[in-house]
Visitor: 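Supplied in structure tokens, the structure appears directly below.
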Amino acid sequence: MVGWARAPQGAPVPCNAGSSNLAQSTTQEIGTSGGGFIIPLQEAAAMATTLTLTHPLLTVPFSATTDFTLLADHCEQFVETLIESDDPALKMALCGRLNACLSVLEPTLLDPVPAHLVDSLTVNSLPVRTPRFDPDCTQLCRYCLTLTHLLAGQGLSPETERQLSGLLYDLINYFTAEMKAPRWVRTADGVRCIEDEALS
């Protein structure tokens, strides 16, 4: 996220990102990964209009000037509700909101952290845990299978195919590294489980 590669400089998040208002975030065309089809503008707008009064996440405002930490919170809320929902219309509207939020975030990812956020991202001691991608082996294999099935199908746009291929490449490399990673280590006390040794 913003400033990961650079020291804080106090520069504000640039205001050149698209999809910055509520109307755009729910009515723009949405390219989905499930076969590469495009939801027409009018259909997405109709869904958003119907659902605006029934779910608070569809009216959460954000723009290119919203702090990246808040945008990240919005993305998390959108996807949590998305995976828990059985309503196709709500799911599509949430995909639209998530797409808009990510589109606002993307141009700012390498920008310096704004000065007013530095204090909130500074701690007095090293964190016990840091964020990492850590699905279990079964779920990771299912992710890879799903992406493989999507890429084997027809109808994906060239850009979608390129992005999914890159994601599959990264996931497969991570998956194989996990499968072939050492499980035990030889110590003066004999062979020990690496996880147990790391905790001791």
Side-chain angles (χ1 to χ4, degrees), residues 1-33 44-45 47-48 51-85 90-136 139-140 143 147 159-160 162-164 166-171 173-174 177-178 198-199:
M1 175 41 64
V2 202
W4 276 352
R6 304 181 225 171
Q9 298 176 14
V13 175
C15 299
N16 58 355
S19 305
S20 61
N21 60 45
L22 180 61
Q24 289 173 320
S25 67
T26 54
T27 61
Q28 62 180 348
E29 291 188 348
I30 306 163
T32 71
S33 59
M47 288 179 179
L51 293 166
T52 294
L53 300 178
T54 62
H55 203 287
L57 284 181
L58 301 184
T59 57
V60 171
F62 58 85
S63 71
T65 60
T66 303
D67 287 339
F68 72 85
T69 50
L70 186 55
L71 289 172
D73 285 341
H74 291 336
C75 287
E76 188 174 48
Q77 291 165 355
F78 295 151
V79 77
E80 283 179 356
T81 305
L82 176 65
I83 65 173
E84 293 171 357
S85 175
L90 176 58
K91 291 170 72 172
M92 186 56 64
L94 287 168
C95 282
R97 304 243 57 206
L98 180 58
N99 181 75
C101 204
L102 291 170
S103 296
V104 172
L105 274 169
E106 185 181 20
T108 73
L109 293 177
L110 298 181
D111 289 355
V113 173
H116 69 277
L117 291 179
V118 171
D119 188 62
S120 67
L121 297 173
T122 304
V123 295
N124 296 323
S125 58
L126 291 176
V128 176
R129 298 182 60 188
T130 56
R132 60 170 297 189
F133 181 65
D134 195 23
D136 63 48
Q139 190 61 57
L140 185 57
Y143 291 157
L147 286 172
E159 176 62 16
T160 298
R162 186 177 72 83
Q163 296 295 342
L164 289 180
L167 177 58
L168 180 60
Y169 175 84
D170 288 341
L171 286 177
N173 278 288
Y174 181 81
E178 284 279 304
L199 293 174

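Each residue takes its place number in the sequence, starting with 1. These numbers come from the heavy atoms of this one structure, side chains and all, not from hydrogens, waters or symmetry mates.
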Visitor: Below 4.5 Å, heavy atoms only, C-beta onward: do Leu147 and Leu167 meet side chain to side chain?
Guide: yes

Visitor: For Asp136, which residues count as a side-chain contact (heavy atoms from CB on, under 4.5 Å) partner, sequence neighbours excluded?
Guide: Thr138, Gln139

Visitor: List, one per line, each side-chain donor-acceptor pair under 3.5 Å for residues 120-128, sequence neighbours excluded.
Guide:
{"from": "Ser120", "atom 1": "OG", "to": "Leu117", "atom 2": "O", "distance (Å)": "2.8"}
{"from": "Thr122", "atom 1": "OG1", "to": "Val118", "atom 2": "O", "distance (Å)": "2.6"}

Visitor: When the side chains of residues 71-84 are checked against the rest of the protein, which donor-acceptor pairs come out under 3.5 Å, sequence neighbours left out?
Guide:
{"from": "Thr81", "atom 1": "OG1", "to": "Gln77", "atom 2": "O", "distance (Å)": "3.0"}

Visitor: Enter the distance from Leu140:CG to Glu178:CD here, rounded to the nearest 0.5 Å.
Guide: 7.5 Å

Visitor: Can you name the residues that form a side-chain contact (heavy atoms from CB on, under 4.5 Å) with Asp134, not counting sequence neighbours?
Guide: Arg132, Tyr174

Visitor: Under 4.5 Å between any side-chain heavy atoms of Leu105 and Phe62, yes or no?
Guide: no

Visitor: With rounding to the nearest 0.5 angstrom, report the CG to CG distance, Asn99 to Leu94.
Guide: 12.5 Å

Visitor: Quick one: side chain to side chain donor-acceptor pair (under 3.5 Å) partners of Gln163, sequence neighbours excluded?
Guide: Glu159

Visitor: How far apart are the closest heavy atoms of Arg97 and Leu57, and which atoms are they?
Guide: NH1-O, 2.9 Å

